[in-house]
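What follows is a set of notes on a single structure, which appears directly below.
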Amino acid sequence: DAKTTQPNSMESNEEEPVHLPCNHSTISGTDYIHWYRQLPSQGPEYVIHGLTSNVNNRMASLAIAEDRKSSTLILHRATLRDAAVYYCILRDVILGRDDKIIFGKGTRLHILP
Amino acid sequence: GAGVSQSPSNKVTEKGKDVELRCDPISGHTALYWYRQSLGQGLEFLIYFQGNSAPDKSGLPSDRFSAERTGGSVSTLTIQRTQQEDSAVYLCASSLDRGSVYEQYFGPGTRLTVT
């Protein structure tokens, strides 16, 4: 997997938007950008993924830079339940290359009430 | 529907004993993964099963670790002669099929403590 770089931790106020950055300067053309999060004492859960275009789902939005060397996960209105470790992961779409997930350290997001 | 389940949720064992951890994947999911997370550490891949193919064992830390998947469904991770460094949360995940286009669904994990 190409390496991703994320801040160790971030803080945000409840009910405000949160922008979680991820740098992946060595991304290859067949790498998808995936985000998972891990709530306290739980297994990770899928959040969103994308290739080139920005993506939206019920949980979050993913903004991808035009050169694809960075991306931002956007939580539009953070709640206390969004406090978690957020992992930005590159996974090659070519079958067999990245079937397993290689997790980095992620960003620990603290939500202040 | 039912998610991935794991049992036991907690296991305390003495050093040198063998342990078995069980994973029930989501019905119909052909790919099954084991990861572990040590205290303060990140998630580490252990082993992966896909259908009837030979498992990818590249993440197993030593030959004391083994896993099987019977009938393409339930999986058991076995750790022989446990050591204190084996203490961790062992997580199982399943996905509809192999490949990065399929999201992985994780279970709640089994917390293993070796005393």
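Chain identifiers are assigned alphabetically (A, B, ...) following the order of the sequence lines, protein sequences preceding nucleic acid strands; residue numbering begins at 1 within each chain. Keep in mind it's a predicted model, so treat the numbers as computed, not measured.
With hydrophobic clusters built from ILVMFWY side chains whose heavy atoms lie under 4.5 angstrom apart, B:F45 does not share a cluster with B:F49. Residues B:Y48 and B:V4 do not share a hydrophobic cluster, defined by chaining ILVMFWY side chains whose heavy atoms lie under 4.5 Å apart. No path of Ile, Leu, Val, Met, Phe, Trp and Tyr side chains, each step under 4.5 Å between heavy atoms, connects B:L112 with B:L91, placing them in separate hydrophobic clusters. A:I27 and A:V93 fall into different hydrophobic clusters, where Ile, Leu, Val, Met, Phe, Trp and Tyr are joined by side-chain heavy atoms under 4.5 Å apart, directly or via other members.
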Exercise. Evaluate side-chain contact (heavy atoms from CB on, under 4.5 Å) for A:Q38 paired with B:Q37, printing each intermediate quantity in order.
Key: CA-CA 12 Å; A:Q38 187 173 20; B:Q37 187 168 31; 2.8 Å; yes

Practice problem: Check the pair B:Y35 / A:K100 against side-chain contact (heavy atoms from CB on, under 4.5 Å), numbers first and verdict last. | Solution: CA-CA 9 Å; B:Y35 299 84; A:K100 57 186 181 278; 4.3 Å; yes

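Put simply, CZ on B:F106 and CD on A:Q42 are 12.5 Å apart, with the number rounded to the nearest 0.5 Å. Note that the CD atom of B:E103 and the CD1 atom of A:I101 stand 9.5 Å from one another [nearest 0.5 Å].
Counted within 6.0 Å of CD on B:E85, heavy atoms from surrounding residues, nucleotides or ligands total more than 12; the atom is thus considered enclosed. In A:N8, the CG atom is not crowded: 12 or fewer heavy atoms of neighbouring residues, nucleotides or ligands sit closer than 6.0 Å. Crowding of A:R108 atom CZ: a count of heavy atoms from other residues, nucleotides or ligands under 6.0 Å not exceeding 12.
Only the side chain of B:D56 has a heavy atom closer than 4.5 Å to any heavy atom of chain A. Only the side chain of B:S58 comes within less than 4.5 Å of a heavy atom of chain A; its backbone N, CA, C and O stay farther away. Neither the backbone nor the side chain of B:Y105 comes within contact range of chain A, judged by heavy atoms closer than 4.5 Å. When heavy atoms are compared at a cutoff of 4.5 Å, B:L43 approaches chain A by way of both its backbone and its side chain.
Contact annotation: the side chain of A:D92 never approaches that of B:S100 to less than 4.5 Å [non-hydrogen atoms, C-beta and beyond]. Looking at heavy atoms from C-beta onward, A:S41 lies out of side-chain contact with B:V89 at the 4.5 angstrom threshold.
Applying the ring pair (Phe, Tyr, Trp, His ring centres under 6.0 Å) rule to pairs touching residues 46-89 of chain A yields A:Y32-A:H49, A:H34-A:H49, A:Y36-A:Y46, A:Y46-A:H49, A:Y87-A:F103, sequence neighbours excluded.
Using modelled atom types, no side-chain atom of B:Y102 and backbone atom of A:D99 make a donor-acceptor pair closer than 3.5 Å.
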